[in-house]
Number of protein chains: 2
Amino acid sequence: MSKTDSKNKANYHHGDLHGSLTQAASLLIQENGVDALSMRKLADVVGVSRTAPYHHFKDKNALLCAIAEEGFRLQATIINSVSDDCTKDVSEQFAEFVQSYIRFASEHPAHYDLMYGGSIWKQKQASESLQKAAYDSFKQWLNRIESLQQQGFLSADETAIRLAQVTWGTLHGLCRLANDGVYINQNDVLEMGLTAARLFMLNGAAGSQNTSCSGGIDQASSPSSA
Amino acid sequence: MSKTDSKNKANYHHGDLHGSLTQAASLLIQENGVDALSMRKLADVVGVSRTAPYHHFKDKNALLCAIAEEGFRLQATIINSVSDDCTKDVSEQFAEFVQSYIRFASEHPAHYDLMYGGSIWKQKQASESLQKAAYDSFKQWLNRIESLQQQGFLSADETAIRLAQVTWGTLHGLCRLANDGVYINQNDVLEMGLTAARLFMLNGAAGSQNTSCSGGIDQASSPSSA
DNA sequence: CTGCTTATCTTGACGGTGTCAAGTTAGATT
DNA sequence: AATCTAACTTGACACCGTCAAGATAAGCAG
């Protein structure tokens, strides 16, 4: 009689619907893209009724925000796990950082779409915690750029913020083109990222190779301010 | 009796539904974004039944492709009308080009989304003529980059194609961030574009200032090939 | 004019969507 | 045991894209 027997006890109360929802949604979204996710299908997959999710997420938008936030966490762990290597010189470290950024975008396209796509940011409202996550992410990038600039690898003629905006915008543009199917070859995109890094970095920068390796964290202003 | 009396003759046959549809769709799309366009509402606005548009466009996707194509035409006329000025030096000309690109994107965000967004290119199929339009657009960009490179304003260490990919990707990334609501201040984005141009251009490039001014058209390979 | 063809447009229907209102269930608390 | 409350379900509504079948009008052959 019972429809779902995954637990032999009755499961009118699911136990951890919130967690199951984000998990299943992430999975569905990764398989078929953001637009293909429907609340009804999601509920069906998890094994609850159509409107049960609305008791844990005010909106479909709220669900998407939660997943985007998860994306930022995921991205941070992936990127940080790669780039804390003091044995390599700075530019190589930066190149690896660029690569890991692109790789994250191409391996988690749906998350990436949510994190930086218009579906959340444009008309819809990003949840407060999501805004904070995005802000922190940009701040990390800014710190990295500031460090490169102070070591003489990036132009001193521009403000660190502007440099961060442009360099990140570049990286983002390449990832977007790859994710949107305009650039189809992932290896090409990786090389484009490296080329961009090469072009931005000052050629004759004779900065010190291994400085500090524990970057100080300065405060940064918002990505969208002048 | 009659519902619409715009023409006092009966208008069972609309006359130019195809044209009216693209026109009204462009307008609707520019007002409320691509996602807000529905075939039903569009038909209602034009004053026909829900399925009449399907006699002129196989799909909603086909309609969107047509509008995207229109976008490419629009972009070409806008950009070309600005940048054919021989009195200014090359880098200034390029800066104006960058600005006009960004301005087009921010003044026609919906068209821009369609032209380069995932909604058409990723899962859906771009119509053949749309593909050609996009290809031609990139080819124009490539020609410009090649010219800049040959005049010594851009690095000779990279292939022209790679340079074109990276520089256009940068521009695109900035426009995307602006259009998606991540960067909200348009003036900032314009300055970012100029900064990017400055960073890419070689500092000590002592190329000739006013060369030819009627760029030769070389053939270019696809944007997505290595 | 009549009859036929053809392009054009309409009506009805199907399955899908997000989400609201009201009802049901079951576990926790008193 | 009675009550409270969070969790969940059912039904409904207004949308959506699109297909199948029918209605309409114009053009053209005779």
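Chain A is the first sequence line, chain B the second, and so forth, proteins listed ahead of strands; every chain is numbered from 1. Worth saying up front: this structure is predicted, and the values here are computed from it rather than measured.
Take A:D35 and apply the salt bridge (charged side-chain N to carboxylate O under 4.0 Å, His left out) test, not counting sequence neighbours, and it matches no residue. Under the rule for a ring-ring contact (aromatic ring centres under 6.0 Å, His included), A:Y54 has no partner lying at least two apart in sequence or in another chain. Checked against ring-ring contact (aromatic ring centres under 6.0 Å, His included), B:F200 has the following partners two or more places apart in sequence or in another chain: A:F200. Applying the ring-ring contact (aromatic ring centres under 6.0 Å, His included) test to B:H111 and every residue at least two apart in sequence or in another chain returns nothing.
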Without placing hydrogens or testing angles, list every side-chain donor-acceptor pair under 3.5 Å for residues 25-34 of chain A, not counting sequence neighbours.
| from | atom 1 | to | atom 2 | distance (Å) |
| --- | --- | --- | --- | --- |
| A:S26 | OG | A:T22 | O | 3.0 |
| A:S26 | OG | A:E70 | OE1 | 2.8 |
| A:Q30 | NE2 | A:H108 | ND1 | 3.0 |

List the atom pairs, with distances to 0.1 Å, where a side-chain N or O of residues 55-63 of chain A and a protein N or O form a donor-acceptor pair under 3.5 Å, not counting sequence neighbours.
| from | atom 1 | to | atom 2 | distance (Å) |
| --- | --- | --- | --- | --- |
| A:K60 | NZ | A:L37 | O | 2.8 |
| A:N61 | ND2 | A:Q125 | O | 2.9 |

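For residues 163-180 of chain A, every residue pair satisfying the salt bridge (Lys or Arg N to Asp or Glu O under 4.0 Å) rule, not counting sequence neighbours, is listed here: A:R176-A:D180, A:R176-B:D180, A:D180-B:R176.
Between B:S38 and the phosphate of D:dC16, there is a side-chain N or O to OP1/OP2 separation shorter than 4.0 Å. Contact annotation: B:H56 reaches the phosphate of C:dC9 (side-chain N/O to OP1 or OP2, under 4.0 Å).
Nearest to the side chain of B:K41, among C:dT8, D:dC16, D:dG11, sits D:dC16. Of the listed nucleotides (D:dG11, D:dC19, D:dA7), D:dG11 has the atom at the smallest distance from the side chain of A:T51.
Residue A:L63 is classed as having no contact, given no heavy-atom separation below 4.0 Å to the nucleic acid. Within 4.0 Å of B:L37, counting heavy atoms only, lie sugar-phosphate atoms of the nucleic acid but no base atom.
Of all heavy-atom pairs between A:A197 and A:V98, the closest is CB-CG2, 4.5 Å.
Taking a 4.0 Å limit (strictly below) on heavy-atom distances, residues 21-32 of chain B does not reach DNA chain C anywhere. Taken residue by residue, residues 110-120 of chain A places no heavy atom nearer than 4.0 Å to DNA chain C.
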